[in-house]
Peer 1: 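Structure in structure tokens, see below.
Bear in mind that the values here come from a model prediction, so they are computed numbers and not experimental data. Letters A, B, ... are given to chains in the order of the sequence lines, protein chains preceding strands, and every chain is numbered from 1.
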Amino acid sequence: MKKEWLTVIECTPLAKGIYKMVLQGTMTEEMESPGQFVHIKTSAGTDPLLRRPISICDIDHTNNCFTILFRAEGKGTTELAAKKKGEQVDVLGPLGNGFPIEEAEAGESVVLVGGGIGVPPLYYLGKKLKEKGLHITSVLGFQDKETVFYEEEFKEIGDVVVATADGSYGISGFVTDAIQEKGLSFDWMYSCGPTPMLKALEASYPEARGYVSLEERMGCGIGACFACVCHLQDDPEGTSYKKICSDGPVFPLRKVVLS
Amino acid sequence: MKKEWLTVIECTPLAKGIYKMVLQGTMTEEMESPGQFVHIKTSAGTDPLLRRPISICDIDHTNNCFTILFRAEGKGTTELAAKKKGEQVDVLGPLGNGFPIEEAEAGESVVLVGGGIGVPPLYYLGKKLKEKGLHITSVLGFQDKETVFYEEEFKEIGDVVVATADGSYGISGFVTDAIQEKGLSFDWMYSCGPTPMLKALEASYPEARGYVSLEERMGCGIGACFACVCHLQDDPEGTSYKKICSDGPVFPLRKVVLS
Amino acid sequence: MNLSVNLPGLPMKNPVMPASGCFGFGKEFAKFYDLSQLGAIAIKATTVEARFGNPTPRVAETTAGMLNAIGLQNPGLDKVKEEELPWLEQFDVPILANVAGSTMEDYETAAKELSASPNVGALELNVSCPNVKVGGIAFGTDPELAAELTARVKKAATVPVYVKLSPNVADITAIAKAVEKAGADGLTMINTLLGMRIDLKTKKPILANTMGGLSGPAVKPVAIRMVYQVRQVTDLPIIGMGGIQSAEDVIEFLIAGADAVAVGTANFTDPFVCPSIIEELPQKLEEHEIHSLAELQRRAVAR
Amino acid sequence: MNLSVNLPGLPMKNPVMPASGCFGFGKEFAKFYDLSQLGAIAIKATTVEARFGNPTPRVAETTAGMLNAIGLQNPGLDKVKEEELPWLEQFDVPILANVAGSTMEDYETAAKELSASPNVGALELNVSCPNVKVGGIAFGTDPELAAELTARVKKAATVPVYVKLSPNVADITAIAKAVEKAGADGLTMINTLLGMRIDLKTKKPILANTMGGLSGPAVKPVAIRMVYQVRQVTDLPIIGMGGIQSAEDVIEFLIAGADAVAVGTANFTDPFVCPSIIEELPQKLEEHEIHSLAELQRRAVAR
Ligand SMILES: Cc1cc2nc3c(=O)[nH]c(=O)nc-3n(C[C@H](O)[C@H](O)[C@H](O)COP(=O)(O)OP(=O)(O)OC[C@H]3O[C@@H](n4cnc5c(N)ncnc54)[C@H](O)[C@@H]3O)c2cc1C
Ligand SMILES: Cc1cc2nc3c(=O)[nH]c(=O)nc-3n(C[C@H](O)[C@H](O)[C@H](O)COP(=O)(O)OP(=O)(O)OC[C@H]3O[C@@H](n4cnc5c(N)ncnc54)[C@H](O)[C@@H]3O)c2cc1C
Ligand SMILES: Cc1cc2nc3c(=O)[nH]c(=O)nc-3n(C[C@H](O)[C@H](O)[C@H](O)COP(=O)(O)O)c2cc1C
Ligand SMILES: Cc1cc2nc3c(=O)[nH]c(=O)nc-3n(C[C@H](O)[C@H](O)[C@H](O)COP(=O)(O)O)c2cc1C
Ligand code: FES
Ligand code: FES
């Protein structure tokens, strides 16, 4: 965990509103576990004030670089998208705990289920799982054809099924529809995406082994402010909790209350 | 009076903390009277929020350009100084009423008295007065040698006397000391600088004909908010007033209360 | 989309007006655009006698905001009636005349006289200006005084009366309810939050008046909260303000419970801000799937 | 330059501490720097029983600020005493323990127990948290209740007691005077301003709790004003806070009348903000020709 000025090596549009940024700096050395995130100050000064949490999508230890993919939507991400090659960005990271891959064994099959801007953290995860010798199917859900990204990259690590909500590309419907339609079976499920998607997955596959990565509005990103807590499924009304930023963002399926 | 995005043609340091910026745009067409100012939004967004008033130092109608000189001190001016050639700047102007030069006649002598960052508006004024055939002596006061600027430029329009408060360059002392030391006499006095300087001039030359340009913290810069009013010397406690932004910033000597 | 909003005394083409004190009497902005585009105009506070106001500096920038201590400088009732208001008659726009004073009698006199002007659609009682030391501030923070003043001004006035609420209170709903009971026809809120800045060079407050009123984007969350709170306790029309800079900000106020809005400080950074917002508003409403202003107005924000 | 400040119960190496709720119990920041560098640490509000707090979202960004509605989540008195405070003993830094509750008895119990911990130098009575619906808020806006609570906690506590004032009041000096009379050893101010933001997409408040507390640079002018006002009416030590981001901001608070300061929201944007400010402070003081902190403290800002 470091606060460092990183250098923008690349910042390019990938799909409608979606950008790819490659950042370089010594912070990369600390990045091991897929699914961690960085917390980015998109501009000096107070406008906007808070950092923006963005998942690490890919890591290149040789060049001390890592990749993030993000949707330029609000003020902070729009400013981030405007950074040019060579500019410096104030980044805190790597933060949180990524996807555990120790238990998954060579030869087993994995489904990576990503929804929209939840897709990025699954990419480096997939690479790692492939290295371990697992069979990977990626099910990637997007709004429409224009917002599809990284299909080719995921193809390099396994099979890919794309679904779009409006049916303009791939399977029409949600990722759960796509998994069913393809009749996919798997030993492990790793997922990241909007909460309703994660809930649907937990409901449809109540026995599945695996992990989900969550999002929540954050203050500090390091576990100090209690902005990002969630209840546990075995104590949904009680005082036990997990912090998404520092205990997560990745949790075992059915561990925490998705809300 | 326009709100326009102007193009930065040049932005270079002139002296310690002092920058010269040349801006291009159709707004220049409306600039006639020397001593008017522009109101600049130094960055998009809310940080900083308000515009910064900066005097017009020189006008080049041929190229639709004008020059400003400013001290990079606080947040806004520091950001302005960081602009690069080709960038666009949001400018409101030209604002206010400049120095009247109708009454001054060819052959008469003029002293231009500028203090620090009050020097810039006197430059275009001097050029105009020279065109009219007046004899010009510029008395320019600065803090120290490092903050002296535009001495050469003023030499092109007449005699120049430089004074520095710490004596590190030119005459040691204030502009009033310099005028006395040189035994200058003049038909007209035009001045811009810190209020204590203007007060000292009015006190030392109670009969002088001429004009002073004032500064005040501004809100709107166009006469709507009443942030920048001053009392009149013939009604110092009453309800009559002038707005520095829209009635001024230039007023006849001894017209308004300097405070 | 039909943007018109019909408020007591103020038949507005659209829900956007410049806020009092941030637009003078309109003359300066008329050089930039046709004032008939505006939903209404809230003119600068008028007192019975001309006032010079406070010594300068009167403004200080703060992070995402500004402090002002103008001190109600204005040319006085007679001049406003004889010069400023008649000049504004050339525009097709209702005027909300902001009234201030140090005694209840002052308010009554100004209210009576201003209501008689043909283009004054309504009055806005400035009971909340933090920059006047006599009276003013106390009226706005004490529900009983505010109610008494409202009742007296209602008697004196011949046009609807809006009361401008101060945010410098523990419970804004108490004042809102008190002035409603006293007969107010509407509420405008919020006035500025009392603030201060110190110049490190001089070690003294930047404002000659020491303290001043904070406005601008910094205060918007406080304003939204107060509009929301007041909307829960009254059905009076609310003209919301505090930090508005964009059509999105306007929509946020409307959802919170405002019927119309006023734009203050933003006029200083962009003289075209009001017409720009008015132009953008239909598209932004559509983007957010709002098909009429009526959909939003008076809608309690339930969660 | 000697930066030390000796406040009741808090022998501080320098006038800078992190603000309660913005620093947890220090563990996270200890990964970035040695906490012994800090003047003091204000730990997260502690209640007798563990609390989960409010539903999420609990934070919302605003212009130059943020809203929070954490809802006093904390592990409860026992755990704070047995785990958090002992862990902090490894650092050479006095602790200001923030105490919250819904009843006076809660406050008394927590105060009594926390004062018994060896590294707790003083207590900070959180009578002003806008995020708890029972009790809390009322204590902070009613001078009599605040005074009664202060008196009772003073009896229960064995270390000095600071009262944390709410800015959501019409007259902050009234509360300050009331708690001083009731025996408070110091004041900390300001807590957050009540605010709200609405999400245009959902048309609902962003915070699950509807409203939350506004902090960050946006509120600094309000905080400076309140510290200044309170400094005119009391000689109690004041720990000032609200929007501090830099050494200059610290100096502004000291000139306004604070004896020390706390840094809240800025810890989220820069985890190193406290040590950076401490490092910068001597140079910035020199730049502004301030030769000792004593020069500034208790100096009424006259103009
Ligand atoms: C652990 C984690 C990993 C993430 N990874 C990615 C990623 O790889 N790519 C990507 O595009 N997005 C990712 N997000 C979401 C991303 O943080 C938000 O889209 C972003 O903060 C929005 O900022 P903005 O400036 O566009 O929006 P604004 O509307 O200006 O944001 C206002 C405030 O709300 C917060 N906010 C708004 N939406 C979200 C959200 N969905 N989640 C958390 N905070 C939010 C912002 O951080 C900011 O504080 C991730 C979020 C989390 C928590
Ligand atoms: C009519 C007029 C003409 C001017 N011409 C020039 C010029 O040609 N060159 C130049 O360098 N400066 C000029 N100034 C002064 C210049 O406006 C200030 O130096 C500048 O606004 C300071 O901004 P900042 O971002 O550096 O400081 P900050 O401290 O960030 O400013 C904070 C706020 O205070 C205001 N402020 C601070 N100092 C002054 C000041 N001296 N006068 C007015 N407002 C101030 C700022 O505008 C801003 O609103 C002029 C001022 C006026 C009124
Ligand atoms: C310079 C200035 C002068 C103001 N004068 C008045 C006034 O005369 N009467 C009044 O009721 N409000 C006055 N206000 C308050 C505004 O009308 C408005 O309530 C406040 O500024 C919040 O809106 P904003 O954040 O959009 O500026 C003034 C505000 C500013 C900034
Ligand atoms: C996320 C968050 C949590 C807070 N929790 C507490 C708390 O538990 N107790 C308390 O007294 N103040 C709490 N505060 C208020 C801060 O201590 C401080 O008074 C306020 O944030 C103003 O300072 P700032 O602008 O530097 O953040 C909290 C503030 C924030 C932003
Ligand atoms: S964001 Fe602060 S605890 Fe998670
Ligand atoms: S700055 Fe607004 S009237 Fe002069």
Side-chain angles (χ1 to χ4, degrees), chain B residues 1-5 30 39-53 73-77 90-93 95-96 195 214-232 235-248 256-259, chain C residues 18 21-33 44-45 47 49-76 79 199 201 206-208 212 215-218 220 243 245 264-273 276:
Chain B
M1 194 161 65
K2 268 203 170 75
K3 180 182 170 300
E4 188 179 345
W5 286 91
E30 294 181 26
H39 214 191
I40 306 184
K41 187 90 179 77
T42 59
S43 67
T46 59
D47 185 17
L49 187 72
L50 298 176
R51 290 176 179 270
R52 299 295 190 259
E73 198 173 13
K75 194 154 205 173
T77 51
D90 174 359
V91 181
L92 191 65
L95 302 178
T195 308
L214 306 186
E215 285 189 8
E216 186 50 84
R217 288 189 184 242
M218 294 186 172
C220 65
I222 60 173
C225 76
F226 289 79
C228 67
V229 296
C230 52
H231 281 288
L232 302 189
D235 178 24
E237 303 284 314
T239 58
S240 49
Y241 63 91
K242 290 287 171 190
K243 294 178 202 159
I244 290 176
C245 69
S246 54
D247 297 319
V256 304
V257 175
L258 305 173
S259 64
Chain C
C22 303
F23 205 73
F25 296 92
K27 283 210 177 78
E28 294 77 17
F29 290 87
K31 290 178 196 156
F32 289 99
Y33 60 87
K44 199 164 168 40
T47 53
E49 304 296 336
R51 282 178 58 103
F52 179 82
N54 291 322
T56 53
R58 291 178 173 188
V59 296
E61 194 181 48
T62 70
T63 309
M66 66 178 279
L67 294 169
N68 88 80
I70 306 297
L72 298 181
Q73 176 156 28
N74 79 93
K79 211 155 165 211
D199 185 340
K201 276 191 214 132
I206 293 181
L207 297 177
S215 63
K220 200 185 75 178
Q245 291 199 305
T265 305
N267 290 289
F268 304 159
T269 45
D270 178 5
F272 292 100
V273 67
S276 301

Peer 1: To check you understand the geometry: which heavy-atom pair defines the closest contact between C:Ile70 and B:Cys225, and what is its length?
Peer 2: CD1-O, 3.3 Å

Peer 1: Please identify, among C:Ala60, C:Gly216, C:Ala266, C:Pro271, the residue contributing the most non-hydrogen atom pairs under 4.5 Å to chain B.
Peer 2: C:Pro271

Peer 1: What are the two closest non-hydrogen atoms of B:Met1 and C:Glu28, and how far apart are they?
Peer 2: CE-O, 4.3 Å

Peer 1: Tell me whether the NZ or CZ atom of B:Lys3 lies within the 45° cone about the ring axis of C:Phe272 and under 6.0 Å from its centre.
Peer 2: no

Peer 1: If we only count heavy atoms from C-beta on, is the B:Ile222 to C:Lys31 side-chain gap below 4.5 Å?
Peer 2: no

Peer 1: Do you know which two heavy atoms are closest between C:Thr269 and B:Leu49, and how far apart they sit?
Peer 2: CG2-O, 2.8 Å

Peer 1: Quick one: CG on B:Asp235 to CZ on C:Phe52, what's the gap to the nearest 0.5 Å?
Peer 2: 9.0 Å

Peer 1: Can you name the closest pair of heavy atoms from C:Pro57 and B:Arg217 and give their distance?
Peer 2: CB-CD, 4.0 Å

Peer 1: Within the 4.5 Å heavy-atom criterion, are B:Cys230 and C:Thr56 side-chain neighbours or not?
Peer 2: no

Peer 1: Given B:Val229 and C:Arg58, is the side-chain contact (heavy atoms from CB on, under 4.5 Å) satisfied, shown in steps?
Peer 2: CA-CA 9 Å; B:Val229 296; C:Arg58 291 178 173 188; 3.1 Å; yes

Peer 1: Do the side chain of C:Glu61 and the main chain of B:Leu50 share a donor and acceptor less than 3.5 angstrom apart?
Peer 2: yes

Peer 1: Measure distances from C:Glu49 to the heavy atoms of chain B and classify the residue's part below 4.5 Å as side chain, backbone, both or neither.
Peer 2: neither

Peer 1: Please state whether the side chain, the backbone, both or neither of C:Lys44 comes within less than 4.5 Å of a heavy atom of chain B.
Peer 2: side chain

Peer 1: Taking only residues two or more places apart in sequence, or in another chain, which ones meet B:Cys228 in a side-chain contact (heavy atoms from CB on, under 4.5 Å)?
Peer 2: B:Glu216, B:Met218, B:Lys243, B:Ile244, B:Cys245

Peer 1: Please look at B:Ser246 and chain C and tell me whether the side chain, the backbone, both or neither of the residue comes under 4.5 angstrom of a heavy atom of that chain.
Peer 2: neither

Peer 1: What closest approach, in Å, do B:Ala224 and C:Phe29 show between heavy atoms, and which atom pair accounts for it?
Peer 2: CB-CE1, 3.4 Å

Peer 1: Write down the atom of B:Cys220, the atom of C:Phe268, and the distance for their closest heavy-atom approach.
Peer 2: CB-CD2, 3.6 Å

Peer 1: Could you have a look at C:Gly65, C:Cys22, C:Gly53 and say which one has the most heavy-atom pairs with chain B under 4.5 angstrom?
Peer 2: C:Gly65

